[in-house]
Amino acid sequence: MRLNQNILLLGKKVVLVPYTSEHVPRYHGWMKSDELQRLTASEPLTLEQEYAMQRSWREDADKCTFIVLDAERWQAQPGATEESCMAGDVNLFLTDLGDPSLGEIEVMIAEPSCRGKGFGTEAVLMMMSYVTKLGLTKFEAKIGQGNEPSIRMFQKLHFEQVAVSSVFQEVTLRLTMSEPERQWLLEQTSHVEEKPYGIGS
């Protein structure tokens, strides 16, 4: 989605930046992990395929993605490359052409040292806050049945389980943004700053 290609979102724990070709080598390295392939239900790609995927994330109107940076590391080291501060990614897909208010959200904290610190929670809140401005009011998360930490995280963010697929071995959780939910999301993300993005910004 080109919409977010010039936007940086600054939170307390994480910084969200658009997925650029600069991030691909590190991302590609992560996705060689058997564990991450299993948790994200992904197939390993060649480096060339990963660059093509990055281009499609930028160009396709039905996808929005941000790379998650470790905010502390990013701010503590002026001039540090974004690649050296990468923690994971957060994505949103517009999966239902008949319902543009519904988005499927997913988050991956790939860097082991960054897990268990609330990075995923803040990244999801920041993504939801960003896309509600685009008119999204319903969110779904599809998570592997064995991925208990991710299921618990989304439940903590007010998502409720609506389906279980034994075929795909996944749980579907959903959140509809009522007015109280919208106010809660605003409170959770009131600290987030939106800034113009340029490589190395």
| task | Report the C-alpha separation of E82 and R73 in whole Å, then their side-chain angles, then the decisive distance to 0.1 Å, and conclude whether the salt bridge (charged side-chain N to carboxylate O under 4.0 Å, His left out) test is met. | result | CA-CA 10 Å; E82 288 176 7; R73 189 179 300 174; over 6 Å; no
Evaluate whether atom [atom1] of [X] has more than 12 neighbouring non-hydrogen atoms of other residues, nucleotides or ligands under 6.0 angstrom away.
X    : atom1 : answer
E72  : CD    : no
Y51  : OH    : yes
K156 : NZ    : no
E160 : CD    : no
M177 : CE    : yes

Main-chain N/O of [Y] paired to [X] side chain as donor or acceptor, under 3.5 Å:
X    : Y    : result
E187 : W184 : no
T189 : V192 : no
S56  : M53  : yes

| request: Measure up the F66 and Y130 rings against each other and bin them: parallel (under 30°), tilted (30 to 60°), perpendicular (over 60°). | output: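 Ring orientation, 0 to 90° scale: perpendicular.
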| said: Does the plane of the ring in F154 sit parallel, tilted or perpendicular to the ring in F159? Use 30° and 60° as the thresholds. | reply: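 It falls in the perpendicular class, over 60°.
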Heavy atoms, side chains only, cut-off 4.5 Å: are [X] and [Y] in contact?
X    : Y    : result
D62  : F93  : no
L185 : L125 : yes
E106 : I143 : no

| task | Determine, stepwise, if the pair Q54 / H28 fulfils side chain to side chain donor-acceptor pair (under 3.5 Å). | result | CA-CA 11 Å; Q54 179 269 324; H28 180 64; over 6 Å; no
| Charged N-O contact under 4.0 Å between K138 and E181 |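 No, this pair does not count.
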| task | Indicate yes or no: does R174 engage E140 in a salt bridge with an N to O separation below 4.0 Å. | result |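 Yes, R174 and E140 are salt-bridged.
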| said: Quick check on salt bridge (charged side-chain N to carboxylate O under 4.0 Å, His left out): which of E50, E83, E111 does R26 satisfy it with? | reply: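 One option only clears the test, and that one is E111.
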| query | Are W57 and V15 linked, directly or through other ILVMFWY residues, by side chains that come within less than 4.5 angstrom of each other? | reply |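 W57 and V15: one cluster.
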| message | So which atom in A123 and which in V90 form the shortest heavy-atom distance, rounded to 0.1 Å? | response |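 The pair with the smallest heavy-atom distance is O-CG2, 4.0 Å.
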